[in-house]
Novice: 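Sharing a structure here in structure tokens format.
Just so it is clear, the model here is predicted, and its values are computed rather than measured. Note that ligands are numbered from 1 as they come in the structure, with each ligand's atoms numbered from 1 the same way.
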Amino acid sequence: MKGVQIVGTGHYLPKEVLTNEYFEKIVDTSDEWIRTRTGMVKRHRVAPGEATSDMCVEAAKNALDMAGMKPEDIDLIMVGTVTPDMLFPATGALVQHKLGCRNIPGFDFEIGCSGFIYGLAMGYSFITSGLYKNVLMIAADALTTITDYTDRNTCVLFGDAASAVILTSSDKNKLLGFSLGADGSQDKILYMPGGGSKIPATEESVKNRLHYIKMEGQSVFKIAVERMIEALKSACDMAGIEPSKLDYIIPHQANLRIMDAVRKFAKLDEDKLVNTLAEHGNTSASTIGIAFDKFVRDGKIKRGNLIGMTVFGAGLSWGGAVVEF
Ligand code: UT7
């Protein structure tokens, strides 16, 4: 069986920036509350008409550039998103065209914030099975398009972004451990009720604000800490490494208090925590990929480093991974 390695990373943040001060003007909140309860300082928002596929293409170009590859070298595109351009066709297919790839498969998968790690695991499987050699895996969301800007509990949290990795077949395997899970019994602590087959869009669904994210923050917080720690531990077990031996840990960037709890479990010093949350807020599926790419480009994450990743999101869903860069 062939192994898999990451040969390129990339990310994209839209131009418009929403500061904590912006939210002080539109809801009853404060910069101090947002910083201390979440660790966030700013987030980015797509321009009118800018869609998830547009963000995907920019992140993919950066990843291709790092890999020294061209769009025609890619054999498969996967996009993890809960905010596709349209319910169909798949954003992955749109990216195939916009990026100028051959007529390769391009599809979407939907598992909320857990998208990046689920995507890594799927890319690993497609390559180790021998089906494809070079996989472009993109995790992207435009959460501001489904955020209720009258709800202070959620609106301060979310931003838009895309992150991408190029996975390729390699003699040495560098995707060393995975752990994925889901629990659909807790679907309503983080969800968007309207717009799917259960509650299609009607005047009433719009009036009742059903096309926006609903979240019970505190319930999600508690379960997230437990599941992210378990997922990291299981992925480390599969990789045969103690969490304390990781060079870096990249938890889902949703709340600094959660990220810190995971770091403390792993017995890692503060400088081993990859933290870019303040710069982009919770961007759903793409947070781990953004943090990863920023640290790679800053020269902090180096070839050979062992990286632990762990995530939690709607589903409920969670995942852990251990990757050698
Ligand atoms: O990406 C998917 C996974 N998502 C997550 O991991 C998110 C997990 N949850 C969280 O990060 C946190 O629960 C939040 C940041 C969402 C909320 O922080 P919290 O410390 O759990 O606050 P809380 O919901 O318990 O609310 C505490 C207080 C409440 O006021 P009272 O009832 O104590 O008077 C809220 O109404 O804070 C109030 N509050 C706010 N105050 C100012 C809630 N949102 C705000 C706000 N500004 N934006």
Novice: Heavy-atom cut-off of under 4.0 Å around ligand 1: list whichever protein residues fall inside it, by chain and number.
Specialist: D28, T29, W33, R37, T38, C113, R152, N153, V156, L157, L190, M215, G217, Q218, V220, F221, H252, A254, N255, R257, I258, N282, F312
Novice: In terms of hydrophobic clustering (I, L, V, M, F, W, Y; side-chain heavy atoms under 4.5 Å; direct or indirect links), are M78 and L64 co-clustered?
Specialist: no
Novice: Quick check: are there more than 12 heavy atoms from other residues, nucleotides or ligands sitting under 6.0 Å from NZ of K133?
Specialist: no
Novice: For the pair E72 (side chain) and C101 (backbone), establish whether a donor and an acceptor sit closer than 3.5 Å, ignoring hydrogens and angles.
Specialist: no
Novice: Ring centroid separation for Y124 and F178, is it under 6.0 angstrom?
Specialist: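 Between Y124 and F178, the centre distance is under 6.0 Å.
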Novice: Establish, for the pair R45 and Y149, whether the NZ or CZ atom is under 6.0 angstrom from the six-membered ring centre and no further than 45 degrees off its axis.
Specialist: yes
Novice: Judged by atom type as modelled, is there a donor-acceptor pair below 3.5 Å linking the side chain of S286 to the main-chain atoms of G289?
Specialist: no
